[in-house]
Amino acid sequence: MNYIEELRDVIRRLHGAEPVHVESVAVKETFKGQTVWEGIVEVFDLIGHPTAHRAYAWANDSDDPKQPRQHVAVLHLHPIKSAQDAVRAAIVQEFRGLESAE
């Protein structure tokens, strides 16, 4: 299974819609002058989703041997309007998860 198919499968499982790949977008997110995330976000149109017409997805390698690759799929719903917004939302979600684990 290639990378795009892998992400399509994740979107199908998480969001119950048929994803159609549209484009790849380079995103670099910085905070206080430091790069906190840099990579390619894959953009998909969604067929059959009740509220979102688009999704943004990517995978990150992790240090967890049980889950060496983590997938992220974010729906294009307010306030998410772009690949950049999707990355920001995922970073905030991850940070909140780390805070609650402490």
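On a predicted model such as this, the values are computed, not experimentally measured, just so you know.
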side-chain contact (heavy atoms from CB on, under 4.5 Å) against Ala55, all qualifying residues, sequence neighbours excluded: Ile11, Leu46, Leu75

Specify the closest pair of heavy atoms between Val41 and Trp37, including all atoms of both residues, with the distance to one decimal. CG2-CH2, 3.9 Å

Using side-chain contact (heavy atoms from CB on, under 4.5 Å) as the criterion, list what pairs up with Arg13, not counting sequence neighbours. Asp9, Val10

Can you tell me how far the CD atom of Gln67 sits from the CG atom of Asp61, to the nearest 0.5 Å? 11.5 Å

Where do Phe31 and Val36 come nearest, in terms of heavy atoms and distance? CB-CG1, 3.9 Å

If the condition is side-chain contact (heavy atoms from CB on, under 4.5 Å), which residues does His21 pass it with, not counting sequence neighbours? Ile4, Ser24, Glu42, Phe44

Partner set under side-chain contact (heavy atoms from CB on, under 4.5 Å) for Glu23, not counting sequence neighbours: Val25, Val43

I need the Glu6 CD to Arg69 CZ distance, nearest 0.5 Å. 4.5 Å

How would you list, by chain and number, every residue that makes a ring pair (Phe, Tyr, Trp, His ring centres under 6.0 Å) with His76, sequence neighbours excluded? His53, Tyr56

Given 3.5 Å as the limit, does a donor-acceptor pair link the side chain of His49 with the main chain of Thr51, or not? yes

For Glu18, salt bridge (Lys or Arg N to Asp or Glu O under 4.0 Å) partners two or more places apart: Arg8, Arg12

For Ala59 versus Tyr3, what's the shortest heavy-atom pair and its separation? N-OH, 3.0 Å

For residues Gly48 and Ala17, report the shortest heavy-atom separation together with the two atoms involved. C-CB, 4.2 Å

Determine the minimum heavy-atom distance between Leu7 and Ala57, stating which atoms define it. CD1-O, 3.9 Å

Treating Ile, Leu, Val, Met, Phe, Trp and Tyr as nodes and any side-chain heavy-atom pair under 4.5 angstrom as an edge, say whether Ile40 and Ile80 lie in one connected cluster. no

So which heavy atom on Asp64 is nearest to which on Lys66, and how close? OD1-N, 2.9 Å

Has Ser82 got a side-chain atom pairing as donor or acceptor with Asp85's backbone, closer than 3.5 angstrom? yes

